[in-house]
Each structure stands twice: as C-alpha cells, then as structure tokens.
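What's counted below: heavy atoms across the whole structure, side chains too, no hydrogens, waters or symmetry copies. Residue numbers count from 1 along this sequence. Each ligand, and each atom within it, is numbered from 1 in the order the structure gives. In this text, all values refer to a predicted model and were calculated from it rather than measured experimentally.
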Amino acid sequence: MKDEAVIRSPDTERKERIPPGQRLTDNWPVLHLGTVPPTDASGWTLTISGLVDKERHLSHEEFMSLPRVKIFSDIHCVTTWSRLNNLWEGVSTGAIRQLTTILPEAQFVIIHSTGGFTTNLALSDFFEPDVLLAIKHNEEVLTPEHGYPVRLVVPRLYFWKSAKWVVGIEFAAEDKPGFWESRGYHNHGDPWQEERYSR
Ligand SMILES: Nc1nc2c(c(=O)[nH]1)N[C@H]1C(S)=C(S)[C@@H](COP(=O)(O)O)O[C@H]1N2
Ligand SMILES: [Mo]
C-alpha cells in the first residue's frame, strides 16, 4: 500500500495516558468467550445491513481493496490492563460509510461477530475518525486469537467494544445492548469516566 499518514487517537496525546483503575502491561492478553473461529478468510463476508438504502455483502477480496488507514492508539481493557502504542492498519468506519446510504433514522450500530458475539455503539462513537476495521497490528496481520481476518477497534472505549472476527455491521434506530452490555457491562464504556459496569 501507499504509506498513509498515521492518525493518532486523541487519548495518546494525553500527559497521563493510564485511565483511573488501570495498570500497564507490555504483552497483549487474549480475552474472549467461546472458541477462535477457523482462520480461512476465503468464505468471509462483511454484511452491512439494517437502516441502509441497500444491504451490502463484501467479499474478503472486496474488503481488502478498500482504502486503508493507520491508527495509533492505546488499549484499555475493563479487566484493568492497558497496553499503549498500538499501530493498527485497516479500513476506517468513514470508508464504510461511503459504501452505502445510511437512513436518517439510524442512531446506533450493532456489530456482529462470528459465533454470535455482538456489541452496540452510538452512531457518533462508531464514526469517530480513529475507529477502524483492523486487519493488522504493529505491521503484522492479526493473529486468529486477536480477530483475524477483521476486528473492530474503538480506541476511546473499553476494549470489549472492539469486536473480533467481525462479519456484520447493522444500523438501527433503537439501541440493542450487546453480549457484555446485556450482562452487566456499561452500555457506553468510557475508560476515563470508569464506565465499567452498569448498576
Ligand atoms: N467476537 C468477540 N470479540 C470480542 C470478545 C469476544 O468474546 N468475542 N471479547 C471482547 C473483550 S471482553 C475484550 S477485552 C477484547 C480482547 O481482545 P484481545 O483478545 O485481542 O486482547 O476483545 C473483545 N472482542
Ligand atoms: Mo474484556
């Protein structure tokens, strides 16, 4: 690819980069429920559905030909580890927006993963300029356990919102709490506000 300018997630510009209640780790823990899906990307499709003018199904080849961005971000997991200085490469959610017309009633985005995991985001959080569908981390293709072939990365929210093995993006008028959000995690998940769990 042509070398793109790196977009810095704004939290990486903070003087104090560790949110309250978090501690630094240098490694990258693997966390998910269930099993890692098969690593064959040939049958992978990304479905863009819900409140769009026309549902879209992108093959892996079509997805890989979309324009790329690089984003520099920190990771904050609600289980209290934080990992700084991550360089992601992939397709920005802004580029996804160009593929379809989103109907004006859409206010929320539901992300669907292989295996049934879901997470929900406000439309505005999904389209922040540092949000991407990542295919690489620190210049290496994502490993299966970290979300190959495609994972969402939402740098400004706790890492459970960063769904691995993404296969669907659904635009909705109503919010639909996702896997963790309907099991006690906060609906929004801002690490700087410690939005860890809902009451
Ligand atoms: N599909 C899917 N994505 C997921 C999860 C999951 O269980 N399934 N777990 C989330 C949680 S709780 C965390 S902390 C991060 C962990 O990502 P990592 O294993 O790459 O560190 O993935 C998130 N994305
Ligand atoms: Mo998590």
Less than 6.0 Å separating the ring centroids of Tyr197 and Tyr185? yes
Distance-only polar pair, side chains of Asp125 and His188, donor-acceptor under 3.5 Å: yes
Would you please classify the geometry between the Phe171 ring and the Phe127 ring as parallel, tilted or perpendicular, with 30° and 60° separating the classes? parallel
Looking just at side-chain N and O atoms, do His112 and Glu170 make a donor-acceptor pair shorter than 3.5 Å? yes
Could you check ligand 1 for N or O atoms lying under 3.5 Å from protein N or O atoms and list the pairs with distances?
unit_1, atom_1, unit_2, atom_2, d
ligand 1, 1 (N), Ser113, OG, 3.3
ligand 1, 1 (N), Lys164, O, 3.0
ligand 1, 3 (N), Lys164, N, 2.9
ligand 1, 7 (O), Leu33, N, 3.0
ligand 1, 17 (O), Arg151, NH2, 3.2
ligand 1, 19 (O), Leu31, N, 2.9
ligand 1, 19 (O), Lys164, NZ, 2.5
ligand 1, 20 (O), His146, ND1, 2.6
ligand 1, 20 (O), Arg151, NH1, 2.6
ligand 1, 21 (O), Trp28, NE1, 3.0
ligand 1, 21 (O), Pro29, O, 2.7
ligand 1, 24 (N), Ser162, O, 3.2

Between Asn86 and Asn138, do the side chains contain an N or O donor and an N or O acceptor separated by less than 3.5 Å? no
Got a second to check how far Glu174's CD is from Ile110's CD1, nearest 0.5 Å? 10.0 Å
